Protein chains: 2
Amino acid sequence: MSRKTLTPAQRRSEILRLLTARQGASIEELCEFLSASPATIRRDLDLLESEAPIQRTHGGAMMRTLRPADQDFAQRESLDIDEKRAIAEKVVSFIQPGSTVFMNDGSTIMAIAHAIVAADLEVFVATPAVNVATRLSAGSKVTSCLLGGIVRQSSLATAGNFTAAMAAQINADIAIISPDGVHAESGITFQSGDDAALAQRMSTQSADTVIVAVASKLQQRQRINAMPLSKKYSLVTGAGEDRLVGLREAGIRVIRIGTSG
Amino acid sequence: MSRKTLTPAQRRSEILRLLTARQGASIEELCEFLSASPATIRRDLDLLESEAPIQRTHGGAMMRTLRPADQDFAQRESLDIDEKRAIAEKVVSFIQPGSTVFMNDGSTIMAIAHAIVAADLEVFVATPAVNVATRLSAGSKVTSCLLGGIVRQSSLATAGNFTAAMAAQINADIAIISPDGVHAESGITFQSGDDAALAQRMSTQSADTVIVAVASKLQQRQRINAMPLSKKYSLVTGAGEDRLVGLREAGIRVIRIGTSG
DNA sequence: ATCATTTTGATCGTTTTTGATTGCTTTCAG
DNA sequence: CTGAAAGCAATCAAAAACGATCAAAATGAT
């Protein structure tokens, strides 16, 4: 693909495409992908910043968030970004084209949304996360179904009875769930009862359930238990073995992925 | 394939075909493919630029594709901005604190969302518009309820059976509806059947119904009829009397607001 | 075949683009 | 708080692309 030498305009267009697909990228990544020098990429980004909705950052650039309200949200997104991306790529490989997918919300789920768009998968996705749903519906083959309900400003997702009731009407092939904590004794846990109930419902109405969690979520026990650790679930994480003690034994199938590029 | 010599016209046509197929190409590539010299290709591109949707760039040419999504959306938001603001302020004065409000989607509705936040109203708002729901939930007293459903990327709103079913569960004090067209004979009309059905539902499940429309929507008849013009509805618009002919007579209560400060 | 016209490819001076170099600033770990 | 490391802007020379010009080649009409 990136064999030939592109014209400057094509390169800039490609940068824009990459930034949109992944919400952001480092200069290093762009250099490698477009086989250009950092100086050139920097010049391109400077130029694009003035005529496209992107924002230069240290070491790269990201899509300009429409509203300043999303500021700290974007910050959270960049935490453990490499691990989340690695998890996302793995999870996407589990998704069959044409299937129906449940996803809850969170920055790891958002990373999966980006990966789905990048992979150009044709799927039906139901989610309570506003940002995930809009991301998926923007110029992709995904049919994105937003579960209705009360919008919580903290997470940009819906919650409550409406959300659960609507989820109850949908049957899926796979549920992808990012919990707040994974604990050897308590299993999959959440901070909010609504989130826990929704996760439970999504899981029972899907043929398969995949739990995704960055290392820092493991061995954490939050307020509400949603599901026990069971052989029916797969846990995809980038954590090292030291953070996994007791989890396998408690019954869950663990899929570790390497975070180093 | 590798014809000996093409006529100039054939060559230009071929260039256009290549550019369309690949979205853009470098002069070097075109030279090789069409076995012509750079000078010739350049002349061709110069000529084509004036009579085809292509754009010359350094080193080649690209298809001239107007950015589809974000540009025209942002553009629409700033269209008739003064009238929309004036309408919004008027409409907000109708909303009782503590009441339940239905709103559909559109840039006029978005203006109303801004006004509600500015007025610091404490209300419950149900809407299919993602941007409206998130705007309302961000740091305000509003409880914002997003109607679930399939996300349409064009309007950033949900639509379909899920949306209607969820709206059917909610009873409101006031429905604020921005239609695609208001016509003396056909009444309130929409481009999409889903939108029309939702508007209908919102209206019947509310004690009051307010139609908002900028001047350019008046006297327009779109594909689908939603509701007739009735005394039960109020139309808030900034249009002059010339655009209102026949509407009052058809039965709707018209509230004109001045657009000048 | 001859002449006028168009098209083409080459040349050359100018402009744009590019990647390396050089100090300066930001970031982050200790 | 300090120092190393990474990122950055500025500068510069080489390379690539450009536009203009012109003569050769192709085309078409007489």
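Just so it is clear, the values below take in all heavy atoms, side chains as well, and ignore hydrogens, waters and symmetry mates. Per chain, numbering begins at 1; letters A, B, ... match sequence-line order. This structure is a prediction, so every number in the text was calculated from the model and none was measured.
- Looking at residues two or more places apart in sequence or on another chain, you find a side-chain contact (heavy atoms from CB on, under 4.5 Å) between B:E14 and B:R17, B:L34.
- The 5' end of DNA chain C is approached more closely, in terms of each residue's nearest nucleotide, by B:A39 than by the other of A:T7 and B:A39.
- The side-chain contact (heavy atoms from CB on, under 4.5 Å) check on A:E29 picks up A:R22, A:A25, A:S26, A:R85, with sequence neighbours excluded.
- Contacts of B:D120 classified as salt bridge (Lys or Arg N to Asp or Glu O under 4.0 Å), with partners at least two apart in sequence or in another chain: B:K141.
- When the P atom of D:dA16 is taken as reference, atom CZ of A:R11 falls 14 Å away, rounded to whole Å.
- Read 5' to 3', the first and last nucleotides of DNA chain C with an atom closer than 4.0 Å to a heavy atom of chain B are C:dT7 to C:dT17.
- Terminal axes of the helix from C:dA1-D:dT30 to C:dG30-D:dC1 (five pairs each, C1' rotation axis) are separated by 50°, to the nearest 10°.
- For A:S13, the side-chain contact (heavy atoms from CB on, under 4.5 Å) partners at least two apart in sequence or on another chain are B:M62.
- The side chain to side chain donor-acceptor pair (under 3.5 Å) test applied to A:T209 returns A:S203, not counting sequence neighbours.
- For B:D46, the side chain to side chain donor-acceptor pair (under 3.5 Å) partners are B:R56, not counting sequence neighbours.
- Judged as a side chain to side chain donor-acceptor pair (under 3.5 Å), and not counting sequence neighbours, A:S206 has no contacts.
- With rounding to whole Å, B:I27 atom CD1 is found 12 Å from D:dG19 atom C1'.
- With sequence neighbours left out, A:A215 forms a side-chain contact (heavy atoms from CB on, under 4.5 Å) with A:E83, A:A239, A:R243.
- The CG atom of A:D46 sits 12 Å away from the C1' atom of D:dA10 (whole-angstrom rounding).
- In this structure, A:E241 pairs ionically with A:R248, as a charged nitrogen and a carboxylate oxygen lie closer than 4.0 Å.
- Listed by first and then second residue, the side chain to side chain donor-acceptor pair (under 3.5 Å) pairs involving residues 211-227 of chain A are A:S186-A:R221 (not counting sequence neighbours).
- In this structure, A:R253 contributes its side chain and A:S234 its backbone to no donor-acceptor pair below 3.5 Å.
- Residues from residues 54-62 of chain B lying near DNA chain D, meaning a heavy-atom separation below 4.0 Å, are B:R56, B:T57, B:H58, B:G59, B:G60 in numerical order.
- Computed from coordinates, the B:R43 CZ to D:dC18 C1' distance equals 13 Å when rounded to whole Å.
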